[in-house]
Each structure stands twice: as C-alpha cells, then as structure tokens.
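Chain letters run A, B, ... following the sequence lines, proteins first and then strands; every chain starts at 1. Basis for what follows: all heavy atoms, side chains included, without hydrogens, waters or symmetry-related copies.
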Protein chains: 2
Amino acid sequence: MVTIYDIAAKANVSAMTVSRVINNTGKISDRTRAKVKRVMEEMNYVPNQTARSLVLQQTKLLFLLITDIMNPFYTTLARGAEDAAKKHGYRLLFGNSDENLEKEADYVTTILTTRVDGVLLAPAGDPSLPHLESLQRHNVPFVLLDREVPGIQCDIVLGDSKEGARQLVDHLAAAGHRRIAIVNGSSSISSARLRLQGYKEGMKLNELTYSDDYMYETSFGSLNDLSDMDRWLERLDPMPTAILSGNNVLAVEVMRLLKQRNMRVPEDISIVCFDDLGPHTEVEPFLTVAAQQAYQFGYMGMEMLIERIGHRNEKRPWKKIVLPAELLVRRSVRPLN
Amino acid sequence: MVTIYDIAAKANVSAMTVSRVINNTGKISDRTRAKVKRVMEEMNYVPNQTARSLVLQQTKLLFLLITDIMNPFYTTLARGAEDAAKKHGYRLLFGNSDENLEKEADYVTTILTTRVDGVLLAPAGDPSLPHLESLQRHNVPFVLLDREVPGIQCDIVLGDSKEGARQLVDHLAAAGHRRIAIVNGSSSISSARLRLQGYKEGMKLNELTYSDDYMYETSFGSLNDLSDMDRWLERLDPMPTAILSGNNVLAVEVMRLLKQRNMRVPEDISIVCFDDLGPHTEVEPFLTVAAQQAYQFGYMGMEMLIERIGHRNEKRPWKKIVLPAELLVRRSVRPLN
DNA sequence: TTGTACGCGTTATCAT
DNA sequence: ATGATAACGCGTACAA
C-alpha cells in the first residue's frame with residue numbers, strides 16, 4: 001500500500017509535509033505543494049481513512065438502522081438520510097433490523113465496534129431500551145426515528161400519529177362509516193399506540209362505538225401467514241364496513257386477505273392506512289392514506305444528528321420534531337351516504 | 001475510551017493476554033480467562049474495530065453500490081446482499097449512485113479511502129470503466145451486478161436480458177400484437193442493449209417488422225418530465241398496440257404518460273416490462289413482466305465476492321452467473337385474436 | 001516553511 | 001501460559 005512515507009521519500013520531503021498537503025493545513029510553499037501533489041498522482045496515493053480515524057478519534061461514519069428495507073417509507077427515509085449525510089461529508093453505514101430485537105442487538109454491536117460517529121435509528125420497539133442505553137453508556141450520539149422509547153431522552157423525529165389516525169377516522173365517518181375496525185402493529189411500538197389512541201379518540205368524537213373485538217394487533221412487517229388475521233375477521237359480527245391499517249405494509253396484507261375472501265375494496269369494505277406506498281405504483285394510487293413525509297424523516301433526522309455530533313460536549317436540550325401527516329383522499333373508501 | 005490496556009491493568013495481566021482472550025487465540029489458563037472476561041464486563045469494554053483494521057489490513061467492511069434505492073429490484077437485491085454479508089461476518093456500507101456517473105465517482109473515492117475489503121456494484125453504464133479500473137489498480141475485489149462493462153474482466157451476476165425480452169415479445173405476438181414499441185434505458189448500459197437486441201430478435205422470429213421510430217431511449221430512473229416521451233408517442237403512426245418497457249420504473253412512467261393521454265391499459269394499449277414491482281402492491285399485481293430474481297442477484301453476488309476475497313492472491317478464473325427471467329402473465333396485455 | 005517524536009488501539013513475533 | 005516490543009498509517013505538538 002502506498003503511504004505518506006512513500007510519497008515523502010519520492011518527493012524528498014518529510015511525511016508531515018505530505019500530510020499537510022493532503023489536509024491543506026499549515027504553510028507550504030507552492031513549489032513543495034506542487035511537487036508533492038505530482039508524486040501523489042504518479043503513485044496513485046489514496047489516504048487511509050482507517051489510520052486517520054484511529055488518530056483523530058472519529059470515523060466520519062454514520063449508521064442508519066431501519067426496520068424494513070422493503071417498505072417504501074423506509075427507503076424514502078433512507079434516501080433523505082443519505083443526502084443529508086453526504087452534504088456534510090459523512091459516509092453512511094446501513095442496517096435492517098426487520099422489526100427483530102436480536103438483529104437489532106447485532107447491529108448495536110457493529111455500531112459500537114465500528115466506532116461510528118453517530119446513529120440514526122428506528123427502534124424495534126419499547127424493548128429496544130437496553131440497546132439505546134448501551135449507546136448512551138458508550139457516548140454514541142443517536143437520533144430516534146418514528147418511535148419513542150419510554151425511559152430514553154434523546155433527539156427524535158416523529159410523525160403525528162394520533163392526529164393522523166383521527167383524520168383517517170374522521171374521513172371514514174364523514175363518508176358514513178360507523179363500524180370501523182383497526183389492524184395495527186405491536187403495542188410495544190409507540191407510534192402504534194398513538195395510532196390506536198387517535199383511532200379511539202376519533203371514534204368517540206364521531207360518536208361511534210369502539211369495541212376491542214374490532215382491533216387486531218400484529219407486526220408492522222410483512223406477514224408470512226394470514227390465517228390468524230383471517231380468523232379474527234371471520235369472528236367479527238357484524239362485519240366492519242371499513243378498516244384502518246396502522247401502516248402501508250399491513251394495509252397491503254389486509255387487501256391480500258380480503259382478496260382471498262373474495263371481498264372487494266371499496267365495494268365490500270373500505271380501507272385507509274398510515275404511510276404512502278412509494279412512487280412506483282403500477283396503477284394510479286388507490287389507497288386513501290395519511291401520508292408521512294418519509295424523506296423529511298431521514299433528512300431532518302440526519303441534520304439533527306450531525307448538529308448534535310458537532311456539539312457533543314455541550315448539554316443542549318433534546319430536540320423533538322413532529323411532522324404532520326397529510327390525508328390523501330383516493331379511491332379505497334366507499335361513501336355510504 | 002476503555003482499551004485493552006485498561007482491562008489489562010485492572011486484571012493484572014498484559015494487554016496481549018487480553019487480546020488473546022478476546023480473539024480466542026493462543027493458550028490461556030481458565031482462571032486468567034475468567035478474570036479478564038469479568039473485568040471486560042465490568043468496564044463495558046468494546047473492541048476497537050478501527051485499530052484492528054489498521055493492523056490486520058482488513059476492515060471486514062463490504063460496499064454495496066446500487067443505482068436506484070427507490071427501485072424495488074434494488075432494495076430486494078440489497079436485502080439478499082445484506083443477508084449473505086452478515087452470514088459471513090461482514091458489515092455492509094451502502095451507496096446509491098442514482099444512475100449518475102459523478103455520484104458513482106464520489107462513492108469510488110469513499111470505497112478507496114475506507115479500505116473496504118470488497119465491493120458489489122451495479123455500474124451506471126459503460127462510462128463507469130475508469131471507476132472500475134481504479135478499483136482494479138488498487139486491488140479492491142469487486143463483483144458487478146446486472147450490467148457488464150466492456151473492457152472489464154471480473155466476477156459478475158447478470159440476468160438473461162436477451163432471452164427475457166424475447167419471451168416478452170413472444171407473449172405479445174402470441175396475443176396477436178404486431179405493432180410493438182419499446183421504451184428502454186440508456187444504450188450505454190449493457191442490459192438495455194441486450195433487451196433491445198432480444199426485442200429485435202423476437203420481432204424477427206415472429207415475422208414482425210421493426211422500425212427505429214418504435215424505439216424510445218431514456219434513463220432507467222424516474223423521469224422528471226414526460227413531455228419528451230409524449231412527443232415521441234404523439235409522432236407514432238400508426239400507434240403501437242403494445243409497449244415493452246426496459247424496466248419496472250420506466251413501465252410505471254409509461255403508464256403515467258398514458259393516463260395523462262386518457263389511454264387505458266390494456267384496453268387501448270398493452271404493456272409488459274422487465275423486473276417485478278415488489279411485494280407491496282396496493283392491488284393485485286397488474287403488469288405482465290419478465291421477473292428477475294432480485295434477491296438472488298444480491299445473495300449470489302455477495303457469496304461470489306466473499307469467495308473471491310478469501311482467495312484474493314490466487315488467480316482463479318472469473319465467474320459469470322446468468323439468472324433466467326421468469327415470465328409472469330398478468331393483466332396488462334389485451335388479447336387481440 | 002519544514003521536520004522529529006510520539007501516540008491512537010490493536011495484533012504478530014519472539015521471548016521467557 | 002504469559003509478556004515485551006514493534007508495527008499498522010496517520011496527525012498533533014513542538015522544535016528547528
């Protein structure tokens with residue numbers, strides 16, 4: 001490997017001079033600088049970031065941990081995070097926990113041993129607490145995305161889940177729906193809890209009755225097996241006229257199930273959900289959704305993180321950004337009145 | 001930061017002994033090992049991968065560079081790559097070139113300075129040549145994905161683009177279509193060239209006439225502006241009855257355009273394309289496609305890469321994997337006979 | 001303006 | 001079974 005010493009020898013200067021040329025620090029005569037640069041070119045020199053990291057005690061590496069790389073919400077978010085990181089000269093390591101605590105634990109180990117400068121992460125849920133405490137213990141700055149974790153104080157970017165869910169219920173109620181069921185992610189996830197809460201409040205405000213039977217809790221990720229949800233739906237009597245889904249992936253699973261049961265959307269049942277389904281829809285977007293600003297989650301979260309890293313010694317107050325969801329009315333709701 | 005010296009001091013052993021415990025190398029008495037382990041626990045010791053990388057001359061980092069993080073083909077591929085990397089104890093750095101040569105160049109710089117152990121990449125196109133030569137010059141093992149680059153010998157995973165395109169034409173021809181147009185990615189991309197070639201051969205085999213007017217070349221990424229493609233379509237006389245799209249994203253763009261023109265698919269015009277649209281489709285998959293094994297691209301490519309890294313000194317012959325595309329017949333083609 | 005000595009945290013080599 | 005020393009490639013502090 002070509003090192004600064006090889007350059008130094010060939011250019012008849014010291015390694016220090018080469019270092020200064022590379023980093024544009026200190027005073028260097030134009031002649032020396034030109035000579036060193038020429039030799040670097042000739043020898044195809046590339047600085048060794050590993051050595052640099054060791055001495056500088058910073059890697060210029062950031063880590064983004066998401067929970068579902070197949071979900072367009074997270075890929076769009078990743079795009080925002082990547083753009084912001086790049087803008088500030090950081091590189092981005094990348095992981096996908098699959099809503100799985102053990103995979104998340106593995107990634108935390110990687111994060112720690114890699115000595116990344118900071119972490120942007122969507123935690124798997126409340127049980128992620130020890131993972132986050134571990135990051136804190138090791139002084140790794142992090143910003144949470146989309147989900148709060150009780151017991152952790154930190155910078156965070158959230159969507160307005162409660163308000164968004166209420167809007168979805170309002171929309172359904174305005175269309176004349178009275179029996180509205182909800183399919184939601186795990187109650188160990190703060191955003192799922194808030195969506196449920198917003199749903200309940202929306203029901204109450206619209207003077208609709210809520211029953212626990214009308215709630216089905218599962219995972220936010222893709223489902224391998226729809227039979228359990230099928231049994232839930234089977235038992236409902238009377239059938240709901242509409243279903244609110246806690247996120248986009250679940251909405252698709254619900255539609256898959258309805259299809260199996262030969263029920264049409266929205267003729268037989270209406271559907272709304274949180275999060276949009278990404279730009280690459282085969283046909284005109286169909287689902288009525290509370291769309292979140294996925295790109296902004298990543299972009300703003302990353303800016304917060306880098307800001308925090310820049311002032312890691314000061315104890316600035318934690319920042320919390322709450323992004324509103326936008327109701328996009330499309331064709332998955334049937335007017336009943 | 002807690003180092004092996006801190007552990008060593010507290011455990012009354014040398015740093016070397018601590019290192020041996022960590023890496024399970026050499027002979028250590030059970031008593032010493034237990035003591036060292038206990039101290040490591042107490043002090044929350046985490047090995048410093050940076051220092052390790054410097055001395056071992058390997059980072060255990062791999063890099064995946066794709067061209068469109070919003071495209072489900074690539075996210076699925078990424079998932080495969082990640083799974084394979086993890087299985088072998090590697091971590092994965094991640095970049096998104098956006099089909100853009102300059103972004104690609106930036107990432108090559110990152111790759112070089114980071115001293116990753118290997119790279120898995122979908123090149124932006126033939127002009128990526130100098131970037132790949134740069135990797136070769138610096139002895140960075142890499143595996144190409146989806147696209148060949150003339151002038152570069154290396155391991156590679158390809159889809160059978162020619163055969164896939166021919167199948168799509170066959171399917172259209174069998175449905176009675178005679179005027180088939182093609183919307184394709186840049187001809188500087190090998191897979192786009194092969195798809196065009198497969199299309200032409202398919203036309204010939206089915207005794208259909210091909211005219212250059214019926215070919216529209218653009219970028220494989222999302223289009224900001226459909227007006228140019230609109231003018232192309234406008235000029236066609238007679239109108240094609242079907243369009244073959246070079247990939248999934250372009251197919252969606254074509255459908256967006258047709259929608260603007262109030263043309264229905266497949267009633268007014270039929271559409272087929274390369275690549276599927278991912279698992280999260282709002283409604284039942286609609287497009288008839290030549291589906292590629294996206295996950296396998298990533299998984300097998302990663303295994304090849306790691307295999308290559310393990311034998312980087314030997315000069316084994318380059319491997320080339322060609323994955324077949326599978327025709328999935330759905331509802332975007334109207335039978336004309 | 002340029003150079004010397006040292007340290008970042010770890011592992012390999014050689015010694016005991 | 002354990003330890004001392006050097007080395008990985010670079011940047012900081014200080015000296016010249």
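Residue order along DNA chain D, read from the 5' end via each residue's closest nucleotide, puts Ser29(B) first among Ser29(B) and Arg115(B). In this structure, Leu54(A) and Ser14(B) both approach DNA chain D, and ranking their closest nucleotides by distance from the 5' end singles out Ser14(B). If you find the closest nucleotide of DNA chain C to Thr32(A) and to Ala15(B), the one lying nearer the 5' end belongs to Thr32(A).
Using a 4.0 Å cut-off between charged side-chain N and carboxylate O, Asp155(B) and Arg316(B) make no salt bridge. Between Arg137(A) and Glu133(A) no salt bridge is recorded (no basic side-chain N to carboxylate O distance below 4.0 Å). Using a cutoff of 4.0 Å between basic side-chain nitrogens and carboxylate oxygens, Asp83(B) and Arg79(B) are scored as salt-bridged. The residues Lys86(B) and Glu102(A) are annotated as not salt-bridged, no charged nitrogen and carboxylate oxygen being separated by less than 4.0 angstrom.
Nearest nucleotide to the Ala51(B) side chain, out of dT2(C), dC8(D), dG9(C): dG9(C). Listed candidates were dG11(D), dG3(D), dT10(C). Nearest to the side chain of Leu56(A) is dG11(D). Picking from dT1(C), dG9(C), dG11(D) the nucleotide with the shortest atom distance to the side chain of Val55(A) gives dG11(D). Each of dA4(D), dT10(C), dA13(D) was ranked by its minimum atom distance to the side chain of Met16(A); first place goes to dA13(D). Of all nucleotides listed (dG9(D), dT10(C), dT2(D)), dG9(D) comes nearest to the side chain of Met1(A). Comparing dC8(C), dG11(D), dT11(C) by their closest approach to the side chain of Ser19(A) singles out dG11(D). Distance from the side chain of Tyr5(B) is smallest to dT10(C) among dT10(C), dT2(D), dC10(D).
Under the side chain to side chain contact (heavy atoms under 4.5 Å, CB included) test applied with Tyr45(B), the options Val36(B), Val18(B), Ile22(B) reduce to a single match, Ile22(B).
Of all heavy-atom pairs spanning His88(A) and Lys60(A), the tightest one is O-NZ, 4.2 Å. Closest approach of Leu112(B) and Ser134(B) over heavy atoms only: CD2-OG, 3.6 Å.
Distance CD1 (Ile4(B)) to P (dT2(D)): 16 Å, rounded to an integer number of Å. In this structure, Gln49(B) places its CD atom 10 Å from C1' of dT10(C), rounding to the nearest Å. Distance Gln58(B) CD to dG9(D) P: 14 Å, rounded to the nearest Å. A straight line from CE of Met40(A) to P of dC10(D) spans 11 Å, rounded to a whole angstrom. For the pair Ile28(A) CD1 and dG11(D) P, the interatomic distance rounds to 12 Å; values are reported in whole Å. One can place NZ of Lys60(B) at 18 Å from P of dT10(C), the figure rounded to the nearest angstrom. If you take CD of Gln57(A) and C1' of dG9(C), they are 9 Å apart, rounded to a whole angstrom. Regarding Asn48(B), its CG atom lies at a distance of 15 Å from the C1' atom of dC10(D), rounded to whole Å.
In this structure, Thr17(B) reaches the dG3(D) phosphate: one of its side-chain N or O atoms is under 4.0 Å from OP1 or OP2. Applying the 4.0 Å criterion to OP1 and OP2 of dC8(C), one finds that Ser53(A) has every side-chain N and O outside that range. The shortest distance between the side-chain N/O atoms of Tyr45(B) and the OP1/OP2 oxygens of dT10(C) is below 4.0 Å. In this model, the phosphate group of dT11(C) is approached by a side-chain N or O of Asn23(B) to a distance below 4.0 Å at OP1 or OP2. Thr50(A) has no side-chain polar atom (N or O) that falls below the 4.0 Å cut-off from OP1 or OP2 of dC10(D). The side chain of Thr3(A) contributes no N or O atom lying less than 4.0 Å from OP1 or OP2 of dC8(D). Between dC10(D) and Arg52(A), no contact under 4.0 Å exists linking OP1 or OP2 to a side-chain N or O.
In this structure, Thr25(B) reaches neither bases nor backbone, as no heavy-atom distance under 4.0 Å exists between it and the strands shown.
Scanning atom types as modelled, one donor and one acceptor separated by under 3.5 angstrom connect the side chain of Arg20(A) and the base of dG3(C).
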